Every structure is written in structure tokens, then in C-alpha cells.
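As C-alpha cells, the structure follows; a few thoughts come after it.
These numbers were taken from a predicted model, which means no experiment stands behind them. Just so you know, ligand 1 is whichever comes first in the structure, and atom 1 is the first atom listed for that ligand.
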Amino acid sequence: MSRNGGSRMGRNAARGVRMSGRGMFSRRQFLKLGGAGLAGVTLLGAAGCGGDQQEGDGPVQLVFSHGPEESGVLRQQLDEFNQQREGEIQVEWREMPADSGQYFDQLRTEFQAGGGEIDVVSGDVIWPAQFGANGWVLDLSDRFTEGMRGEHLDGSVEAVTWDGRVWGVPWFTNAGLLYYRQDLLEEAGFSQPPETWDELKEMALKTAQDTNTQFGFVFQGADYEGGVVNGLEYIWTHGGDVLSEDGSEVVIDSPESVEALTTQRSMIDDGVTAEAISSYKEQESQAAFLRGDAVFMRNWPYVYGLVGTEGESSIEHEQVGIAALPVASEDIQTYSCLGGWNLFINASSQNPDAAWELIQFLSAPEQSKGRALEGSYLPTVRELYEDQEIQEEVPVTELGREAIENTRPRPVSPYYSDMSLAMGAQFNAALRGDTTPEQAVANLQEEMSGMLERADEA
Ligand code: GLC
């Protein structure tokens, strides 16, 4: 553990990333955390706090939507809420698809048909602009006061802010990490994780061969939101980008993006991974890694919490190392995609006050700490990064520090879901070899420029 931490620190120092002393993050790092690039905002309050409409004398019945969770910690917390509020509020968890895009489609259908029955919506970090622009969720600027916001990481608050208003409350944050099998690398004669994509390929090939492991590297290559995330990470770590800094122009058609998608495809061509990677989502990659069938894996922090759990994993924490994602060459900075989930109130909920109570419960330091300890979900509550128990029990916060400090958001736009569909399809076609990387980024340049123009006209 300390060995990994040490090697990352060395690399950080080489890149001039300032590390804090005893605490997890310095104040400046907190400010940076969550990625730069979102516009500064003024916070205007506009939300009303109407009373809940309840039929009869029974408790208020709330519906909370979220995808499946292997850790079991959400189930426990909802049960605890129901016990605490017995006779007043009872919440039922509506399990939504694990695939963020499918979850979004289901919500959109309900919202467009008049709102549906969900009261509290868990939502991906990429949704607030679209939720807000369409009026699908309540403006929480008044309820989620400036003082309360100050308790969360700036990047996480920025991510729920759009058009000067705050639409949700941060719940947990995410950053793409490079997991590796420390024991297997050592067996193959490697003492450090790779710094460049070429090194990763070489190490993955040799280690897989020497240790008779099925996959050198697994990641998320399917045509869906996670495939977009992975494609963007390849692009960013090759020095490319999607939009210009001010968001006004599409810049994806660049030699860097071409090289990025070429690297991604070469994972299949060079035998580092299997053809099937083009249909892999988080679950397939984590299953392969936890079974002991992969040397390297790109995935989110929660997978660390599943290592060593009975039934899920045949590997233990001592065998696993974590690093930041590799880069194309040493002069390029590592980036990982900002992920995470937030809590929103459906604009047509009949029970906004009870919904707000559930949100306050779930996002409180105590519950955030429980999610970190039980499920390796990264908190958005600042003080928890100084918490000794978390520092000791959730080493992913320490081992993943370089990645967590270098996140970038996906484009922020009410049209993001269209952009995502376009990127998902082109990145996946390039990975499958159905189109060339050149053609894929040229197509995206055209399609996404059209989307920006339509957004300007709207
Ligand atoms: C994780 C991230 C989310 C991302 C998704 C992609 O759930 O938190 O932001 O969109 O993975 O699969």
C-alpha cells in the first residue's frame, strides 16, 4: 500500500502537483477537485417550499430511484431512514438500470409524460443542465443554502449548478482509476505501475503471458455512457479535447484524438484485450478483474470495496494496486473523467418537503462516511477527507489521489445526452474497427458542431 502511495507521490512531484502534508488535500486541492472548466455562477434562490400533499393519516410514501448497488450500503441506509421516521415518512427504492443512459431514457419518458411517481431522483453528474433546462427537477437554490454548499467539494457543487441555480445536492463523486494486480506484475518483474499507454501495453502483454492471465487490460468499450467516459479519457491523456475551453467550439477533430482512438483500438489488435471489450460495461470489466482474470482494469473507486468480498471476488486487497491513468507521453498530464451521483427532487413530486428530508439524510456526513467505509464511494463532504477512519479504512482515497485531483468534466450542456449518443456510437465503431479513428473524429466534429449551433439558436 505505502509502496504504491510512494510511487504515485514520486510521479506527482515530477509533474509539479503540490501534495498536502498530513491531511488528504490542501484547500487549494479541494478547490481544484472535481475538475475546472465549469462557468462560475451566481446563486439565485427561486425555489418554493410547498407543503406535502398527503392522503389520509398514514406516513408520507416516498419513491426514490437509483440503480443497483452491490455493496448493500444504500439498502441499509434506507432501512435506517424508514425506522427513524416510522409513522411519518416511508421510502421505497425503485431500482433503475445500472446503465446511466438507459436510466436517463426511462426518467425522460416519465418526465415527458407528466412526471411519474418518483420523488427523489439519484442523477448522474452529467444531467443537471438537461434536468434544469427542462424544468424536470426542483430548483434547490433556497433549500440547499450557501452554508450547506460550503460543506461539499467545490467541483461537486459546480456540477449540480446550471444557469445560476442549484438543482441537486452532491451525493458521491467518482474518478476513473487504473487498477492493477501488484502480485502478478511483481511475478513478471515489474515493480511500478505504467506511466504511459505504451508501457501499459508492454507490461500487460508480458504479465498476462508469464502468469497465464486471460486479459492484459479490461476497460469499458461498449456503446453507452461508460464508453464515452473511456473514449474521453483516451483523448484527454493524449492531449486532445472535445470542446474549446469556453465551450463554444468543437475541437475533437485533432491528431491527438486520432492517436487516442488508435491507442484504444490497438488494445484489441495487439492482443492486450479481447474483441469482446467493445461490449464491456463496468460490470463485465469488474467481474473479470475480481475473478483474477485481468492484470489491469480501468474502473471507478467503488470496485475497490468489492475486492475480497465473499462470492464476488477471488482476489484480496494486498494483490491490488491503484494508479492514475497512463498518458501518451511524459509531457502530457493524466486526466480522469469526473463521475458521480447527485440527489434531485422531481418537479412533480407531491411530497417535496419529505423528499428534502430524505436528501438531507442521505447526503449528511454520517451517511457519506458510511458509504465510503462500506462501499468505497468517494464522499463529496470535505471534512471526510480529513477523517482518520476513512484515511485508514478506505485507502482508495489515498491511492487514487492523483486521479481524484485530476478529473475533467464532460461537456456541460442541456444537449449533453445527444452529444453522448454521438460520441458513444463513434468511439465504439472505432474500437470495433468498423470505422477509422480519422473518420470517427471527423464525424463527431460535424455532428457535435451541428448540436452546438442548434443549442445557440434555441
Ligand atoms: C459512473 C459515474 C457516472 C458515469 C457512469 C458511466 O456511474 O459515476 O458519472 O456516467 O459511471 O457508466
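Nearest to atom 5 (C) of ligand 1 by heavy atom, out of Q220, K281, E282, is E282.
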Worksheet item: Yes or no on ring pair (Phe, Tyr, Trp, His ring centres under 6.0 Å) for H66 and W171, after CA distance, side-chain angles and deciding distance?
Response: CA-CA 12 Å; H66 187 55; W171 190 23; 4.9 Å; yes
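Between the side chains of T196 and D198, no donor-acceptor pair is found at a separation under 3.5 Å.
Numbered from 1 in the order shown, with element, the atoms of ligand 1 that lie under 4.0 Å from a heavy atom of G226 read 6 (C), 12 (O). With ligand atoms numbered from 1 in the order given, ligand 1 contributes 9 (O) to contacts under 4.0 Å with heavy atoms of V125.
In terms of N/O distances under 3.5 Å, ligand 1 is approached by R410. The shortest N or O to N or O distance between V229 and ligand 1 is not below 3.5 Å.
The protein non-hydrogen atom at the shortest distance from atom 11 (O) of ligand 1 is W300 NE1, 3.1 Å. In this structure, the protein non-hydrogen atom closest to atom 2 (C) of ligand 1 is N174 ND2, 3.5 Å. Atom 10 (O) of ligand 1 has as its closest protein heavy atom D124 OD2, 2.5 Å. With respect to atom 7 (O) of ligand 1, the closest heavy atom belonging to the protein is W341 NE1, 2.9 Å.
Remark: aromatic rings of W167 and F344 are distant, center separation not under 6.0 Å.
With respect to the salt-bridge test (charged N to carboxylate O, under 4.0 angstrom), the residues E398 and R401 qualify.
Judged by the 6.0 Å and 45° rule, R298 forms no cation-pi pair with F219.
By the 6.0 Å contact criterion, CD on E446 is open, its count of non-hydrogen atoms from other residues, nucleotides or ligands being 12 or less.
With hydrogens and angles disregarded, no donor-acceptor distance shorter than 3.5 Å links the side chain of T407 to the backbone of C337.
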